[in-house]
Amino acid sequence: MNYVSTRSAADKKYTSAQVIKIGLAADKGLFLPETVPQLTSSDIESLRKKDYSHRAADILSMYLTDYTYDELVEDCTAAYSEESFPNGAAPIVNVHDNVYSLELWHGPTAAFKDMALQVMPRLLVRALKKTGEDRTALILVATSGDTGKAALEGYRDINGVKISVFYPVDGVSRVQKLQMASQKGNNVNVYAIKGNFDDAQNGVKKLFADADFIEKLNKKGYFPSSANSINWGRLVPQIVYYVSAYCDLINEGKIVNGDKINVCVPTGNFGNIFAAYLAKNMGLPINKLICASNVNNILTDFLATGTYDRRRDFHCTMSPSMDILISSNLERLLYLVCGSEKTKQYMESLSNDGYYTITPEEKAIIDRDFIGYFTNEDETAATVHDDLTDNSYLHDTHTAVAIDAANKYIKESGETHIPMIVDSTASPYKFAADVLRSVTGKEVIDPIEALDELSELTNTDIPYPLKNIGKREVRFKTVIEPNEMKDTVLSSL
Ligand SMILES: *Cc1c(COP(=O)(O)O)cnc(C)c1O
């Protein structure tokens, strides 16, 4: 299967190993396969009898055609092992009536980024071999919290790769800081940056564009690479859990093969929901994709009006991983709807003018599959509170945004008979202070105390990645200025 750039599809074809290694096309477009492989109902019949690792290998093998099936089985079995996912990789849990939570946070960092970042490093290492690359990949990541930790866990002790993560010294939560500073592994480095997230991100971007830096890396046998959410290697593993959830619903007798389901996704960068859209295009019987946003509701507006306009205020919410004004993966949807020339124009307008408007015909195509809702902070807190009180189910704040959107959709559409899968993207413990405040109205400032209180209150266990987090050995204490990043990285190699 060939891959193309969303901004110049006719120009150049790539293999899957190439796109996983390169990440972003030279014209700044994102990579997509030329055609979407098709999943038949007999494929689903066979997948439903398999475990998660083999479901994953089967789906990946339809896209990564220059990897052997055995390679993919080996990588998926290692990635979704019982050691990493002791409660299963992506279990579905009934919340109420026909609403199910697809729990994507049972991995090593208690957030759904693990679903992709546990397997992508293994795919990258194979991509380096397949493309004849003999240098070591140096993964450079700027993080506002979740991605950095998930990338560190995914890449640690993987041969042929090193990783350096930069976080703003006062811009992440204490739990997130402790998670990163206590990171294990022989090939990892973690640095706090004096500044905010933008300083860290601009610093990393500068390194990628610095010819002198890249030449010096080369001389030491390295090349820079990213673990960014626009990499195809992060997207393709996310298709798997939609297919897997469908199989589980069949196995539990809730649907028969061929029945429709709805899917609701708490959305930031549009990666996760785009994976669901690909699953639908492959033939998985998905009726509607519900795009859930917090008060940073740029996607809700886009889906309602056809105009994507980032000239607006940015809000900090208690679902911070959805506080995003540029949803990069939306570009992939645009490409499938209107082709690469139009996509390129829209992306240029967005960067030059801050907005673009699609045509009514293009909007009509998107309307067939998508609908958007947004949820304010009070509704988020009320959803966490009400589902715990009424249904004994505890959501994290991001998931609560999606549950609220799903409830709104079911009420408007009357589709109570169609099972609704809601992506649960983080453990409630990961955002313990906000979850606790939503439930009790009480303010707990110390996040470690909040973990314990939440556990007592709900009689549930703190997930293994967050247990004893306050007692772990701190390995990384270095705090640097943004202009010291280059020398710091070079001298660490
Ligand atoms: C990253 C993230 C999201 C948003 O996912 P996208 O793929 O960026 O749309 C939602 N919830 C949590 C907890 C996340 O970490």
Side-chain angles (χ1 to χ4, degrees), residues 30 90 101-118 120 141-151 153-154 172-173 175-176 179 197 227-242 263-279 289-294 296-300 302-303 317-333 370 372-375 380 383-384 394-406 422-432 434-435 463 465-466:
L30 312 189
S101 174
L102 172 58
E103 295 183 346
L104 302 173
W105 42 262
H106 290 288
T109 75
F112 97 102
K113 302 286 192 289
D114 290 331
M115 298 304 296
L117 279 165
Q118 280 299 299
M120 177 180 157
V141 182
T143 184
S144 56
D146 285 350
T147 299
K149 178 63 185 176
E153 275 299 321
V172 300
S173 79
V175 168
Q176 287 173 323
Q179 272 191 305
F197 172 64
N228 202 291
S229 79
I230 52 184
N231 192 304
W232 177 248
R234 273 190 63 176
L235 227 145
V236 68
Q238 299 188 327
I239 301 169
V240 177
Y241 43 76
Y242 296 105
V263 170
C264 180
V265 184
T267 304
N269 224 344
F270 209 77
N272 204 0
I273 195 167
F274 184 75
Y277 179 71
L278 283 177
L289 297 160
I290 296 126
C291 175
S293 300
N294 62 28
N296 293 295
N297 56 356
I298 190 163
L299 286 165
T300 324
F302 170 69
L303 292 171
T317 73
M318 54 181 167
S319 45
S321 301
M322 299 159 70
D323 292 345
I324 284 180
L325 290 185
I326 301 208
S327 300
S328 311
N329 277 294
L330 188 61
E331 177 168 350
R332 288 190 156 109
L333 176 64
F370 288 91
Y373 293 90
F374 78 96
T375 300
T380 305
T383 304
V384 173
L394 185 67
H395 303 291
D396 106 282
T397 44
H398 302 74
T399 310
V401 167
I403 288 279
D404 181 65
V422 179
D423 279 16
S424 178
T425 49
S427 158
Y429 284 93
K430 191 122 197 196
F431 299 92
D434 286 322
V435 168
L466 300 174

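On a predicted model such as this, the values are computed, not experimentally measured, just so you know. We count ligands from 1, going down the list as the structure has it; atoms in each ligand are counted the same way. We count residues from 1, following the sequence as given.
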Considering non-hydrogen atoms of the protein only, which is the closest contact for [atom], and what is the distance?
atom: atom 6 (P) of ligand 1; result: Asn269 N, 3.5 Å
atom: atom 12 (C) of ligand 1; result: Thr425 OG1, 3.4 Å
atom: atom 1 (C) of ligand 1; result: Lys113 NZ, 1.4 Å
atom: atom 9 (O) of ligand 1; result: Gly268 N, 2.8 Å

### Query
Per the side chain to side chain contact (heavy atoms under 4.5 Å, CB included) rule, which among Thr399, Val384, Thr383, Val422 passes with Asp404?
Thr383

### Message
As a test of understanding, state which of Thr397, Thr425, Asp396, Asp146 forms a side chain to side chain contact (heavy atoms under 4.5 Å, CB included) with Lys430.
### Response
Asp146

### Task
Begin with the C-alpha distance, continue with both residues' side-chain angles, and end with the deciding distance and a verdict on side chain to side chain contact (heavy atoms under 4.5 Å, CB included) for Gln179 and Leu466.
CA-CA 8 Å; Gln179 272 191 305; Leu466 300 174; 3.4 Å; yes

Ligand 1 versus [X], non-hydrogen atoms closer than 4.0 Å: side chain, backbone, both, neither?
X: Phe112; answer: side chain
X: Lys430; answer: neither
X: Pro266; answer: backbone

### Query
Is the centre of the Phe370 ring less than 6.0 Å from the centre of the Phe270 ring?
yes

### Message
Taking distance alone, with N or O pairs closer than 3.5 Å, would you say Asn272 contacts ligand 1?
### Response
yes

#### Entry: Leu394/Val435 under side chain to side chain contact (heavy atoms under 4.5 Å, CB included): CA gap, chis, key distance, verdict
CA-CA 9 Å; Leu394 185 67; Val435 168; 3.7 Å; yes

### Message
Distance alone, cut at 3.5 Å: any donor-acceptor contact between the side chains of Arg332 and Asn329?
### Response
yes

### Query
Does any donor atom in the side chain of Asp323 or Asn296 lie under 3.5 Å from an acceptor atom in the other side chain?
yes

Subset of ligand 1 atoms that lie under 4.0 Å from at least one heavy atom of [X]:
X: Ala426; result: 13 (C)
X: Thr267; result: 9 (O)
X: Asp146; result: 15 (O)

#### Entry: Note, Gln238 side chain near Phe112 side chain (heavy atom, < 4.5 Å)
yes

